[in-house]
Amino acid sequence: MKHLVPKTFLIAACLSVGLTAKAEDGSAAWLRYAPIANAKQYETLPAVIVSRGESASERAAAEELRRGLTSMLGRPFTVAKNGRGAAILLTADAHLPSESYRIARNIHGLHIDGSSPAAELYGVFHFLELIASQRPIRDEKTQSPSATIRWTDEWDNLNGTIERGYAGRSIFFDNGHVRADLTRAGEYARLLASVGINGCNVNNVNADLDTLSPEHLREFARIADVFRPWGVKLALSIDLTSPQTIGGLDTFDPVDPKVIAWWQSKAAEIYKLIPDFAGFTVKADSEGRKGPSQYGRTPADAANVLARALKPHGGVVLYRGFVYNNHLDWNDRKADRARAGVDNFVKNDGTFDPNVIIQIKEGPIDFQAREPVSPLFAALHKTNVAIEVQTAQEYTGQQRHMVFLPSMWKWVLDTDLRAPGADGKPRATPVKSIVTGHAFPNADGSARMGGFISVTNVGLDANWLHHPMAMANLYGFGRLAWNPDTPVDEIANTWSTMTWGSDAAVRATVPKMLLGSWQVYEGHTGPNGIGTLTNILGYHFGPGIESAERNGWGQWFRGEKDGIGMDRTSAGTGYIQQYPPELAAKYESLATIPDDLLLFFHHVPYDYRLHSGKTLVQSIYDTHYASALAAAEYVPQWKSLQGRIDPERYTQTLHLFEFQAGHAIVWRDAINQWFAKQSGIPDAMHRVGNDPGRMEAEAVKADGFTPVDVTPWETASGGKAMVCHDAKGCTLTTTVQQPSGKYNVAVQYYDMWSGISRYELLVDGKRVAQWSADDTLPPAQFDAAPDGQTATRFTAQGIALHPGATMTLHAMPDMRSELEHVMPAAEANSQLRPRDYREFAPVDYIVIGPDGDLTPQ
Ligand code: GCW
């Protein structure tokens, strides 16, 4: 590498920086700036950062660079207004394309040029990432974002709760107001800026009706203030009824002149307080929210009244494509929720104003473990569109399972819809080309406005998303939004190095774990495009298979006697015909439909032979065993990194992997048992229903315990659990049959949200293990019943057993009377009634398996 500057200008790198792991809480995320192993390679980097910029963003950029380089390279860097000699120069260059930066070297030193202060920040963060991953400094070509909209949506409520938030309460709101202390909000904006995210919608799309009250707007302005230095613009979700609900008008009809005037004056009021306000997100005519249909108006009528009010100020409207009827008729074989996007929007193509963007969820249903891509992307040719993905893992393990979502998103973005061009012939139109505005450009040939939105739902948990690995999703979202061609292994590698350090074993292990994790999760939840198979009427976390059927929500898979899967062919709901012809033909034919999407599109017998050569049901059994095992293997893989990662994050992550290993078994067994019963076809390998070493709680000698039916039945082994209503405690006793030796003993039980039952395991009267059911997981939410989301396990390792030994599980329920009528704060403003959260120490089964790091099967 050519040296940047003469050696005489250099300050020797401080080589004393070690790699000793120190305790960390994850709040620094990927911006830890840990000292790098070989700082010497950057010894020619000048120690003076020259920045003349006066704006808050330019100051933030210079300070970030100083902080990052000093910390990583272990020598002091300083910021100056002017410099003599070699320096790192942060400069504005108006000739660069919008939001772009360039890194280049010349005789004066290193230049980081940005077209705007925010772009200087992007350049700085990119440069710091380069150093953190110990890549060589080279001249780089100008880097520009792929699209203008790169936002996160946060589903935070003003009362401080977060809809589908799995990492604590809101960083923005509490008790009906914006928090007094917005430190975390500012830190969040810094994280967002570091991956090029330029907007953040801070309140739930199910917006509080008084979001736009003058009092709240003044408070929101404070959030905008802490975002601003990081180039992150504030957006708000609004309710379309606002002119009526808070404006006092007798209507919210979007074409009514009074309503038009109201929105105009509201926009002016907002921009007075927040001059760089980004715009509105709108959920209307969906899941009980009112919308333009009430007045016989179109989504375009509604979107345009807002867009016209925002236009003079430079704002945009993100109108959500998530409009569907949640009271569909189950008995109507033609009814199909997946059709809703195209059915509701395509007729309005070309009628939306230029500052309206239709925000389309990646798939036609709702963030399932796998769905085909939404056909709406290819159906709107004269309308701006953006893709909405969900970093919050609502249907993918709620940040209690590790699921690296960039793998999924990349698959979506690369899916080629084969939309016809002007000549009517199919052409390459991958989703990424559509959402970046290139596939269907404006009339003048320029790219349409488009973009990327991640529903993120960070919370007050120190590490933002609860599972340290979940932060790879936020990081990866930013990287893909900036450049959807970024390879996912590059995302996994860079994130891992910045988050966990550059130890060779860590670098070899973490990205590999991440990159396989979507497949693992899909493999032990809903298979073959059927949907996640979680309890859709509950919290979307654990299995609850038939909750999707026989109701108006339309997440049906039609599991029937003759077979399973939604028939969406032309003989069925006709949904497939919403795709452009070439792709429709591929999905319509059983010969070409990919195995992993089969049940989304076709109704087939249980013994239908897949392209893989296996029958559907056998493939489900096999995949579920393999994937649960893969999830269990995360534990020993992670343990192999002990000492190479700070103990605090190491331990926290280990607990999550241990939980995941147990919960993957809950999923595996629920789905396999259900398919075995439904199909009547046994597992050719005799695993389903035959669990070596497993003792059903209801089948061993019980003292005090009583059996209960668990609902849904597939979420308990044998459909039953034992519960203890005796305040003195209850016991389960069995006689060990195994040969003498060391074993793992796992207890599968249910951990309710609020009670704390206590358990101890005794061998020949001697206590060998004890634990409390006081985990913050599961349930990730407030569940008062034994079911798929409260099911969990405790594993005691290395327990010495001998044939004839008496093994006793002693359980103490938590029967405190104050738990009898509890209303969790998070549910306080919902329709729910207080519930009985006493915890009767429910136990499903005990299993004895081989000693070691793997949880017994
Ligand atoms: O999937 C559903 C979620 C709702 C959410 C809705 C939406 C904010 O379960 O919690 O509401 O999607 O995206 O609007």
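For ligands, and for the atoms within them, numbers begin at 1 and follow the listed sequence. All values reported here derive from a predicted model rather than from experimental measurement.
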Task: R479 side chain reached by W482 side chain, heavy atoms, under 4.5 Å - done: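 No, too far: nothing below the 4.5 Å cut-off.
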Using a 4.0 Å cut-off to any heavy atom of [X], which atoms of ligand 1 qualify?
{"X": "H540", "answer": "9 (O)"}
{"X": "R320", "answer": "7 (C), 13 (O), 14 (O)"}
{"X": "K361", "answer": "1 (O), 6 (C), 7 (C), 12 (O), 13 (O)"}
{"X": "E163", "answer": "4 (C), 5 (C), 8 (C), 10 (O), 11 (O)"}
{"X": "V205", "answer": "8 (C), 14 (O)"}
{"X": "N204", "answer": "8 (C)"}
{"X": "F322", "answer": "6 (C), 7 (C), 12 (O), 13 (O), 14 (O)"}

Open item on the list: Students often mix this up, so state it plainly: with edges at 30° and 60°, are the rings of F452 and F477 parallel, tilted or perpendicular?
Closed with: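 Answer is perpendicular, since the angle exceeds 60°.
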Task: Ring geometry between W553 and Y324 (parallel below 30°, tilted from 30 to 60°, perpendicular above 60°) - done: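 Because their plane-to-plane angle lies in the 30° to 60° range, the rings of Y324 and W553 count as tilted.
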Task: Pair H663 + F541: ring centers closer than 6.0 Å - done: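 When the ring centroids of H663 and F541 are compared, they turn out to be within the sub-6.0 Å range.
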Task: Check: S213 side chain, H216 main-chain N or O, donor-acceptor pair, under 3.5 Å - done: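 Yes.
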Which protein heavy atom lies closest to [atom], and at what distance to 0.1 Å?
{"atom": "atom 8 (C) of ligand 1", "answer": "N206 ND2, 3.3 Å"}
{"atom": "atom 1 (O) of ligand 1", "answer": "D366 OD2, 2.1 Å"}
{"atom": "atom 3 (C) of ligand 1", "answer": "E394 OE2, 3.3 Å"}
{"atom": "atom 6 (C) of ligand 1", "answer": "E287 OE1, 3.2 Å"}

Open item on the list: Does K283 have more than 12 heavy atoms from other residues, nucleotides or ligands lying within 6.0 Å of its NZ?
Closed with: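 Yes, enclosed.
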Open item on the list: Check this for me: E219, atom CD, are more than 12 non-hydrogen atoms of other residues, nucleotides or ligands nearer than 6.0 Å?
Closed with: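 Above 12, so yes.
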- [ ] Look only at interatomic distance and state if Y395 has a nitrogen or oxygen under 3.5 Å from any nitrogen or oxygen of ligand 1.
- [x]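 No.
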Task: Straight-line distance of W151 CH2 to I357 CD1, nearest 0.5 Å - done: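 Output value for this atom pair is 7.0 Å.
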Task: For T281, the option from N203, N204, N201 that meets side chain to side chain donor-acceptor pair (under 3.5 Å) - done: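 Running side chain to side chain donor-acceptor pair (under 3.5 Å) over N203, N204, N201 with T281 returns exactly one hit, N201.
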Open item on the list: Test of understanding: given a 4.0 Å heavy-atom threshold, classify the contact between V455 and ligand 1 as side chain, backbone, both, or neither.
Closed with: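 The answer is neither; V455 stays 4.0 Å or more away.
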